[in-house]
Amino acid sequence: MHELNEQAIIRTQKKAQLEAMGINPYPAFVHPINAKAATILAHYKEADKANYSHVVLAGRIMSRRIIGAASFVELQDASGRIQLYVQRDTISPGEDKSHYNTFFKKLLDIGDIIEVQGFVFTTQVGAIAVHVTHLRLLTKTLTPLPVVKEVTTQEGTTVHDAFTDPEQRYRQRYVDLIVNPEVRKVFEQRAKLIHTMKASLHRQGYLEVETPILQPIYGGASARPFTTHHHALDIRLYLRISNELYLKRLIIGGYEGVYEFAKDFRNEGMSRFHNPEFTQVELYVAYKDYLWMMDYVEELVEEVALALHGTTKVPFGSHLINFKRPWKRFTMFEAIHHFTGYDVSDMDEAALRTVAHQFGIHIADNLAKGKIIDEIFGEKCEPYLIQPTIITDYPVEMSPLAKRHRDNPALTERFEVICAGKEICNAFSELNDPIDQQQRLEEQRTLGERGDEEAMVVDHDFLKALRYGMPPTVGIGIGIDRLTMIMTNSNSIQDVLFFPQMRPEHP
RNA sequence: GAUCUCGUAGCUCAGCUGGUAGAGCAUCUCCCUUUUAAGGAGAGGGUCCUGGGUUCGAGUCCCAGCGGGAUCACCA
């Protein structure tokens with residue numbers, strides 16, 4: 001603990017003073033709370049005063065205005081803020097005025113958590129407030145909160161002294177949550193988004209499952225893993241980069257629809273779109289193909305937008321994104337042709353390198369044909385796709401787990417949804433031919449030997465499972481963090497994660 | 001990993017061409033029984049991120065480091 005500043009020393013003394021007065025600064029018992037700040041403000045009318053004659057609230061003191069023998073306090077609970085009117089002669093009715101003069105005025109501070117009982121009334125300036133009859137301390141705070149003030153005028157709300165330093169906001173998220181109510185709102189929206197998706201998946205009759213995070217072989221995606229060690233077995237384990245191969249094993253086992261909201265871990269760069277651990281929902285449905293999945297993901301995401309915003313139109317930065325079905329659909333080659341004028345569908349590796357070079361795209365020597373196409377798409381198409389767009393039919397080289405396209409074996413039955421210039425999900429008709437799968441993974445091994453650090457590794461146990469037969473299946477992974485960013489108009493992934501990864505403060 | 005940029009009171013920030021550190025809010029003392037950035041009078045509070053250097057003198061200029069942010073690269 002660093003040295004205490006003046007304000008913290010004073011608060012520590014106040015705690016001791018409370019104890020000396022026989023007041024427990026951290027009591028256990030709380031009276032039954034029967035009201036919330038926002039509910040009172042939304043529903044209170046002078047006419048039904050009687051229903052508000054005995055309210056009990058608890059929350060944090062956010063500001064105090066002491067006007068001699070009466071005071072106004074702003075109390076914040078999970079729902080919002082309400083004013084308290086604290087009158088000396090009400091809370092200290094007898095001769096002894098110390099409950100007001102000493103306890104309330106001297107020993108309470110901004111940030112302290114209190115419980116109040118009282119009745120609701122309307123002040124002379126027309127504001128709804130709780131006239132406090134009883135006031136108790138529930139928790140004394142020793143560190144002062146940043147004091148953020150809001151003033152609401154006809155032009156709108158101005159915030160003074162806002163707590164805005166991103167470093168402090170992320171490192172001390174609890175403070176951020178206390179003083180920046182709109183931050184709490186983002187995480188409530190995130191929870192609602194997940195809940196809406198789970199409700200839909202449940203209605204479809206799919207099974208929510210859990211699969212290993214510690215995996216002996218990392219698979220199902222292309223990325224560098226985090227590595228760890230299990231002492232008892234003396235084996236190397238990896239934190240999963242994906243759960244795809246485990247969910248497919250469950251489809252082989254006979255479930256016809258499984259999903260998992262999964263934390264995945266990728267040991268790669270960090271940016272406003274990347275955190276080392278992130279959340280995806282992966283869903284696998286037997287006896288369906290990628291065309292069916294396109295329809296379902298449109299329905300699912302549209303439902304999320306409606307649940308969060310009451311409309312399919314969602315503001316994001318300077319854009320208004322409309323999730324109304326159906327979305328635009330392009331094949332990858334169509335998209336490249338549309339944005340660059342080049343038809344790359346029949347080009348060989350050398351020709352593709354020439355095209356990439358013309359656009360000033362740097363292509364590493366070890367990249368194969370599929371990756372070059374992906375680079376061109378990522379550079380010349382993806383950033384321009386703002387409205388949700390389904391991109392289909394990716395080259396087979398870059399999709400080692402996807403089934404070959406029914407009309408063209410050089411392509412796969414794969415699609416991604418691009419929105420706000422970023423991929424938000426990835427889906428394909430799953431490859432279920434064990435021999436083809438084995439060959440494709442072996443090609444990945446060759447790429448790895450060429451120096452591609454993200455090439456997939458061969459999972460022999462998964463290949464063994466496939467030989468028992470996986471029905472025709474479609475799978476999808478939806479990036480929950482990125483979808484939340486769009487749905488909450490957040491510019492950085494750090495704003496939709498409670499505790500984003502940070503460098504340790506004291507190395 | 002590269003480039004740019006920031007780090008001053010509990011919070012938000014000012015501090016010019018180098019000259020002993022400033023404001024508002026918060027804190028402390030006093031006044032005030034319907035205020036709302038309440039008001040009035042007064043007071044205290046600083047390792048100017050850290051370490052070097054230049055200088056008679058560094059918050060300010062230079063170098064290195066630590067931490068943050070933005071952009072780029074890799075990726076979802």
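Just so we're on the same page: letters track the sequence lines, and every chain starts at 1. Keep in mind that this is a model prediction, so the values were computed, not measured.
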**Item:** 5′-ward residue of the pair A:Asp374/A:Gly68 relative to RNA chain B
**Value:** A:Gly68

**Fill in**
Closest to the 5' end of RNA chain B, once A:Gln494 and A:Ser271 are matched to their nearest nucleotides, is A:Gln494

Using atom [atom1] of each nucleotide, how far apart are [N] and [M] to the nearest Å?
| N | M | atom1 | value |
| --- | --- | --- | --- |
| B:G15 | B:C49 | P | 15 Å |
| B:A37 | B:U54 | C1' | 46 Å |
| B:C30 | B:G46 | P | 23 Å |
| B:C28 | B:U71 | C1' | 46 Å |
| B:G44 | B:U29 | P | 15 Å |
| B:C25 | B:A73 | P | 47 Å |
| B:A43 | B:G22 | P | 15 Å |
| B:A38 | B:G24 | P | 15 Å |

Nucleotide [N], atom [atom2] - distance to [atom1] of [X] in whole Å:
| X | N | atom1 | atom2 | answer |
| --- | --- | --- | --- | --- |
| A:Met270 | B:G1 | CE | P | 12 Å |
| A:Tyr100 | B:C32 | OH | P | 11 Å |
| A:Ile372 | B:C74 | CD1 | P | 13 Å |
| A:Ile493 | B:A70 | CD1 | P | 13 Å |
| A:Glu167 | B:A70 | CD | P | 12 Å |
| A:Met398 | B:C74 | CE | P | 13 Å |
| A:Gln501 | B:G67 | CD | P | 13 Å |
| A:Met62 | B:U35 | CE | C1' | 18 Å |

Tell me the partner of [N], counting only Watson-Crick (N1-N3 plus N6-O4 or O6-N4) or G-U wobble (N1-O2 and O6-N3) with both under 3.5 Å; none if nothing fits.
| N | result |
| --- | --- |
| B:G1 | B:C72 |
| B:U55 | none |
| B:U12 | B:A23 |
| B:A64 | B:U50 |

**Asked** In terms of the angle between their ring planes, are A:Phe119 and A:His131 parallel, tilted or perpendicular, with boundaries placed at 30° and 60°?
**Response** parallel

**Request:** Hey, can you tell me if A:Phe121 and A:Tyr85 have their rings parallel, tilted or perpendicular (30° and 60° cut-offs)?
**Result:** tilted

Which part of the nucleic acid, if any, lies within contact of [X], taking any heavy atom under 4.0 Å across all strands shown: a base, the sugar-phosphate backbone alone, or nothing?
| X | answer |
| --- | --- |
| A:Glu416 | nothing |
| A:Asn275 | base |
| A:Met485 | nothing |
| A:Glu375 | sugar-phosphate |
| A:Gly269 | base |
| A:Ala162 | sugar-phosphate |
| A:Ile66 | base |
| A:Ala221 | nothing |
| A:Glu423 | sugar-phosphate |

Measuring only between side-chain heavy atoms, which start at C-beta, is [X] closer than 4.5 Å to [Y]?
| X | Y | value |
| --- | --- | --- |
| A:Met487 | A:Val301 | yes |
| A:Val297 | A:Ile478 | yes |
| A:Tyr284 | A:Val258 | yes |
| A:Leu214 | A:Leu239 | yes |
| A:Val132 | A:Ile91 | yes |

**Prompt:** Is there a residue in residues 69-78 of chain A whose heavy atoms reach under 4.0 Å of RNA chain B, and which residues are they?
**Reply:** A:Ala69, A:Ala70, A:Phe72

Lys/Arg cation over aromatic [Y]: [X], 6.0 Å, 45° cone:
| X | Y | answer |
| --- | --- | --- |
| A:Lys403 | A:Phe428 | no |
| A:Arg64 | A:Phe104 | yes |
| A:Lys198 | A:Phe261 | yes |

**Message:** Heavy-atom count check: over 12 atoms from other residues, nucleotides or ligands less than 6.0 Å from A:His357 NE2?
**Reply:** no

**Request:** Can you establish whether the number of heavy atoms outside A:Glu182 located under 6.0 Å from its atom CD is more than 12?
**Result:** yes

Listed nucleotide nearest any side-chain atom of [X], set [options]:
| X | options | result |
| --- | --- | --- |
| A:Arg65 | B:U12, B:U34, B:U36 | B:U36 |
| A:Arg88 | B:U35, B:U33, B:G68 | B:U33 |
| A:Ile67 | B:U33, B:A37, B:G68 | B:U33 |
| A:Pro146 | B:C32, B:C11, B:U36 | B:C11 |
| A:Thr164 | B:C13, B:A37, B:G68 | B:C13 |
| A:Phe163 | B:U33, B:C32, B:C11 | B:C11 |

**Request:** Look at A:Arg272 and B:U71 and indicate whether a side-chain polar atom (N or O) is within less than 4.0 Å of OP1 or OP2.
**Result:** yes

**Prompt:** What string of B, S and - do you get for nucleotides 24-29 of chain B, 5' to 3', when a contact is any protein heavy atom under 4.0 Å?
**Reply:** BSBSSS

**Asked** Does a distance-only test, which skips hydrogens and angles, find a donor-acceptor pair under 3.5 Å between the side chain of A:Gln83 and the base of B:U35?
**Response** yes

**Asked** Do A:Phe498 and A:Phe187 have ring centroids that are under 6.0 Å from one another?
**Response** yes

